[in-house]
Amino acid sequence: MDKNKTIPVIQSLQTGIGILELFISEDRPLKFSEIQELTGITKSNLHKYLNTLTITGLLYRNKDHGYYQLGSKLIEFGNAAIGSFDLIQQASQFLKKISRELQLTALLNVWTHDGPVIANIWNSQPGLNIGAQIGTRLPILSSAGKAYVAFKDHAEVKEWTQRELKHLTAESKQQLERELPNIQKNYFSYAAEPLIKHVSSFSVPILDYRNDMLGCITIVGFTHLIPSSHDDNMSSFVLEQAFELSESFGWKKKD
């Protein structure tokens with residue numbers, strides 16, 4: 001396909017969506033005059049857009065004060081979109097693709113009140129003992145554990161982190177602190193043999209539109225097969241898959 005080929009679009013629809021995005025960015029009700037000033041749309045055309053968006057429920061107009069704000073129809077759309085995205089089901093196709101491409105075991109880890117657990121496994125090497133199965137809780141020094149500490153800023157995670165840190169040596173705590181900035185910067189965490197000897201892993205986060213971590217993809221294999229850096233070809237491939245999955249949940253990578 002010619003990447004330079006113009007894709008046909010409905011410009012008026014783009015303009016309408018742009019008006020809705022204006023309310024999101026401003027995060028407050030707006031008067032007609034404010035919308036007109038911020039969008040530059042002519043008054044006659046803006047009346048048509050606002051009337052259409054209000055009639056369809058995408059905007060709500062307060063008749064007493066004349067302010068416009070986002071309408072209840074968007075809540076319906078949002079709930080429908082969230083309900084259609086089951087993380088485990090959505091991630092399965094990516095785990096399968098990664099496992100087949102790399103000939104390694106790919107895991108999906110999700111957060112529970114008691115720490116990260118394995119929720120799904122695609123294993124291209126059935127004979128490999130990874131030291132875990134679905135439902136296994138993962139320690140803080142696993143690659144998934146490190147990823148949660150780096151990316152999931154929730155009270156439950158902080159409480160779990162404090163509990164886990166009590167079992168670590170001073171040296172291990174310091175090492176973890178040194179690793180966290182690079183994990184956040186590169187979206188990549190590595191753990192050398194966290195559960196079983198000769199088996200290592202790396203993890204990459206799955207994020208949503210709030211930049212909240214929904215889970216993470218972990219690649220497991222014999223230590224000599226697992227890269228410890230984000231810029232390895234294998235790591236780059238998994239990062240691309242995780243970014244694509246994250247984008248389906250509304251995430252956008254910051255420049």
Side-chain angles (χ1 to χ4, degrees), residues 87 91 94-95 98 102 104-121 130-208 211-232 234-243 245-246 251 253-254:
L87 177 59
F94 289 88
L95 297 180
I98 291 169
L102 304 182
L104 293 169
T105 299
L107 315 176
L108 172 68
N109 305 295
V110 298
W111 179 259
T112 70
H113 69 281
D114 201 26
V117 301
I118 298 174
N120 200 357
I121 300 176
I130 64 172
Q133 57 187 352
I134 292 177
T136 298
R137 293 188 183 91
L138 301 170
I140 193 170
L141 292 185
S142 65
S143 60
K146 295 176 186 179
Y148 276 100
V149 176
F151 286 100
K152 198 166 181 68
D153 187 24
H154 285 197
E156 277 190 353
V157 180
K158 292 178 180 178
E159 292 174 5
W160 171 77
T161 300
Q162 291 304 314
R163 292 197 304 270
E164 290 280 306
L165 289 176
K166 292 178 181 178
H167 305 293
L168 301 184
T169 64
E171 182 180 355
S172 294
K173 293 177 185 178
Q174 292 172 1
Q175 178 62 30
L176 178 60
E177 285 296 319
R178 288 193 295 267
E179 288 184 45
L180 291 178
N182 284 329
I183 294 173
Q184 293 167 336
K185 177 182 177 181
N186 299 316
Y187 302 92
F188 178 92
S189 66
Y190 171 79
E193 306 178 2
L195 297 178
I196 190 169
K197 195 172 182 180
H198 305 307
V199 175
S200 297
S201 67
F202 72 84
S203 294
V204 298
I206 304 165
L207 305 164
D208 69 5
N211 212 39
D212 184 29
M213 183 172 169
L214 302 175
C216 67
I217 294 174
T218 299
I219 308 304
V220 182
F222 292 116
T223 299
H224 70 280
L225 298 175
I226 300 298
S228 59
S229 172
H230 73 283
D231 53 9
D232 180 90
M234 182 187 296
S235 308
S236 298
F237 173 75
V238 177
L239 282 165
E240 287 176 3
Q241 300 304 307
F243 289 164
L245 179 55
S246 295
W251 175 80
K253 186 178 181 182
K254 296 178 181 179

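None of these values were measured; they are calculated from a predicted model.
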I need the minimum non-hydrogen distance between [X] and [Y], along with the two atoms involved.
X	Y	answer
Leu176	Ile140	CD2-CD1, 4.0 Å
Asn211	Trp251	OD1-NE1, 3.0 Å
Pro227	Leu225	CD-O, 3.6 Å
Val204	Ala242	CG2-CB, 3.5 Å

Gap between atom [atom2] of [Y] and atom [atom1] of [X] - 0.5 Å precision:
X	Y	atom1	atom2	result
Ser246	Asp212	OG	CG	11.0 Å
Asn109	Ile217	CG	CD1	9.5 Å
Ile183	Lys185	CD1	NZ	13.5 Å
Ile121	Thr136	CD1	OG1	7.0 Å
Asp232	His230	CG	NE2	10.5 Å
Leu168	Gln175	CG	CD	11.5 Å

Using the rule given for side-chain contact (heavy atoms from CB on, under 4.5 Å), can you reason through Val117 versus Val110, listing the C-alpha separation, both sets of side-chain angles and the distance that settles it, and then say yes or no?
CA-CA 6 Å; Val117 301; Val110 298; 3.9 Å; yes
Under 4.5 Å between any side-chain heavy atoms of [X] and [Y], yes or no?
X	Y	result
Met213	Asp153	no
Leu102	Val238	yes
Leu165	Thr161	yes

Suppose we screen for salt bridge (charged side-chain N to carboxylate O under 4.0 Å, His left out). Which residues come up paired with Glu164, at least two apart in sequence or across chains?
none
Could you tell me which residues satisfy salt bridge (charged side-chain N to carboxylate O under 4.0 Å, His left out) with Lys173, sequence neighbours excluded, listed by chain and number?
none
Those residues at least two apart in sequence (or on a different chain) that pass ring-ring contact (aromatic ring centres under 6.0 Å, His included) with Trp111 are Tyr148, Trp160
For Phe188, the option from Ser235, Pro205, Ser143 that meets side-chain contact (heavy atoms from CB on, under 4.5 Å)
Ser235
Matching residue for Lys146 among Ser189, Cys216, Pro139, Ser203 - test: side-chain contact (heavy atoms from CB on, under 4.5 Å)
Ser189
For Arg137, does the CZ atom sit with more than 12 other heavy atoms under 6.0 Å from it, leaving out its own atoms?
no
Checking Ile226 against Leu104 for the side-chain contact (heavy atoms from CB on, under 4.5 Å) test, could you report, in this order, the C-alpha distance in whole Å, the side-chain angles of both residues, the deciding distance, and whether it holds?
CA-CA 9 Å; Ile226 300 298; Leu104 293 169; 3.9 Å; yes
Ser201 side chain vs Ile219 backbone, donor-acceptor pair below 3.5 Å:
no
